[in-house]
Amino acid sequence: MKTIENDILKVLISEEELTKRVKEIADQIAQDYEDKDPLFVGVLRGSFMFFADLMRYCPIHSGLDFMAVSSYNNGTSSSGVVKINYDIRADLTGRNIILVEDILDSGNTLYNVSRHLMDRGAASVKLCVLLDKPARREKPIHPEYTGFTVPDEFVVGYGLDYADRYRNLPYIGILKPEIYE
Ligand code: PRP
């Protein structure tokens with residue numbers, strides 16, 4: 001059968017490693033937010049799988065919501081400004097927010113979204129990212145919770161896409177170069 005696995009050069013982070021690390025992060029958040037009724041906010045679409053696993057392993061009282069954003073691009077490079085396509089409807093005044101992302105790359109998305117949430121009256125915004133790719137950082141972002149630091153390679157799976165594909169891969173893999181060259 002022809003599957004998405006045929007396009008993967010190698011497994012970077014296995015399902016078992018993902019599960020173990022996501023549970024560790026969920027445990028840490030549960031301890032830190034036990035009495036704070038946090039609002040988990042997932043940035044669509046890449047965060048959906050990490051977000052679902054994180055929440056199922058974090059048994060404290062909490063809420064959840066999602067945002068959708070896109071970057072304004074100047075030709076091939078990001079301008080660093082993000083457009084909010086879908087915002088949270090609930091009142092955020094005084095809420096403790098945990099902003100959940102699949103990958104921290106340039107930092108432009110989390111920088112802008114976290115500022116926006118603070119402007120809307122949140123008491124705090126803490127960042128939870130599955131993957132950190134520090135090689136490409138443009139903004140000074142330091143997440144409170146990080147799953148794995150990854151090299152500057154084309155990673156896909158567990159929510160991360162190439163051309164909107166491979167999000168359903170159950171692990172993080174590196175794409176074969178011939179797929180994107
Ligand atoms: C990815 C990822 C983050 C953003 C990180 O989203 O999900 O939102 O890029 O990059 P940055 O740190 O350079 O801002 P993408 O725009 O690919 O959309 P998607 O979530 O729909 O895949």
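Reckoned from all heavy atoms, side chains included, excluding hydrogens, waters and symmetry mates. Each ligand, and each atom within it, is numbered from 1 in the order the structure gives. Here the structure is a predicted model, which is why all the values come from computation and not from measurement.
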Is ligand 1 under 4.0 Å from a heavy atom in the side chain of Asp161, in the backbone, in both, or in neither?
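Looking at Asp161 and ligand 1, just side chain atoms fall under 4.0 Å.
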**Asked** Using a heavy-atom cut-off of under 4.0 Å, does the side chain or the backbone of Asp102 touch ligand 1, or both, or neither?
**Response**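 Side chain only; the backbone of Asp102 stays clear of ligand 1.
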Yes or no: does Arg167 have any heavy atom under 4.0 Å from an atom of ligand 1?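 The answer is yes: ligand 1 sits under 4.0 Å from a heavy atom of Arg167.
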key: Residue-ligand contact Val82/ligand 1, heavy atom below 4.0 Å   =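 So Val82 does not count as touching ligand 1.
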Any non-hydrogen protein atom below 4.0 Å of [atom]?
atom: atom 22 (O) of ligand 1; result: yes
atom: atom 13 (O) of ligand 1; result: yes
atom: atom 6 (O) of ligand 1; result: no

Check: Are the side chain of Thr146 and the backbone of Phe148 linked by a donor-acceptor contact shorter than 3.5 Å?
Finding: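 No; judged by distance alone, with no hydrogens or angles, the pair does not exist.
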Where is the nearest protein heavy atom to [atom]: which residue, which atom, and how far?
atom: atom 4 (C) of ligand 1; answer: Thr109 OG1, 3.6 Å
atom: atom 10 (O) of ligand 1; answer: Asp105 CB, 3.4 Å
atom: atom 19 (P) of ligand 1; answer: Arg45 N, 3.7 Å

Taking only heavy atoms of [X] into account, list the atoms of ligand 1 that are under 4.0 Å away from them.
X: Ser106; result: 11 (P), 12 (O), 13 (O), 14 (O)
X: Ile103; result: 2 (C), 3 (C), 5 (C)
X: Leu44; result: 20 (O)
X: Glu101; result: 2 (C), 3 (C), 7 (O), 8 (O)
X: Asn108; result: 12 (O), 14 (O)

| request: Under the side chain to side chain donor-acceptor pair (under 3.5 Å) rule, what do Asn96 and Ser124 come out as? Steps first, then yes or no, please. | output: CA-CA 5 Å; Asn96 292 301; Ser124 67; 2.7 Å; yes
Is a side-chain donor-acceptor pair under 3.5 Å present for His116 with Asp87?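 His116 and Asp87 do have a side-chain donor-acceptor pair below 3.5 Å.
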In Å and rounded to the nearest 0.5 Å, what is the [atom1] to [atom2] distance from [X] to [Y]?
X: Arg89; Y: Asp65; atom1: CZ; atom2: CG; result: 9.0 Å
X: Glu24; Y: Thr19; atom1: CD; atom2: OG1; result: 11.0 Å
X: Asn168; Y: Asp161; atom1: CG; atom2: CG; result: 11.0 Å
X: Ile8; Y: Phe154; atom1: CD1; atom2: CZ; result: 11.0 Å

### Task
Before signing off on this row, confirm whether Val43 and ligand 1 have an N or O atom pair separated by under 3.5 Å.
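No; every N/O pair is 3.5 Å or more apart.
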Any N/O pair Gly46/ligand 1 closer than 3.5 Å: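 Yes, since at least one N or O of Gly46 sits under 3.5 Å from an N or O of ligand 1.
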side-chain contact (heavy atoms from CB on, under 4.5 Å), that's the test. Do Leu160 and Tyr166 meet it? Break it down for me. CA-CA 7 Å; Leu160 287 101; Tyr166 308 103; over 6 Å; no
Exercise. Between Phe66 and Phe51, what is the ring plane arrangement, given parallel below 30°, perpendicular above 60°, and tilted in between?
Worked result: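 Rings of Phe66 and Phe51: tilted, as their planes differ by 30° to 60°.
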Exercise. What heavy-atom pair brings Ala26 and Cys58 nearest, and what distance separates the two atoms?
Worked result: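 For Ala26 versus Cys58, the nearest heavy atoms are O-SG, 3.7 Å.
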Residues Asp53 and Lys23 bridged, charged N to O under 4.0 Å: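 So Asp53 does not pair with Lys23 through a salt bridge.
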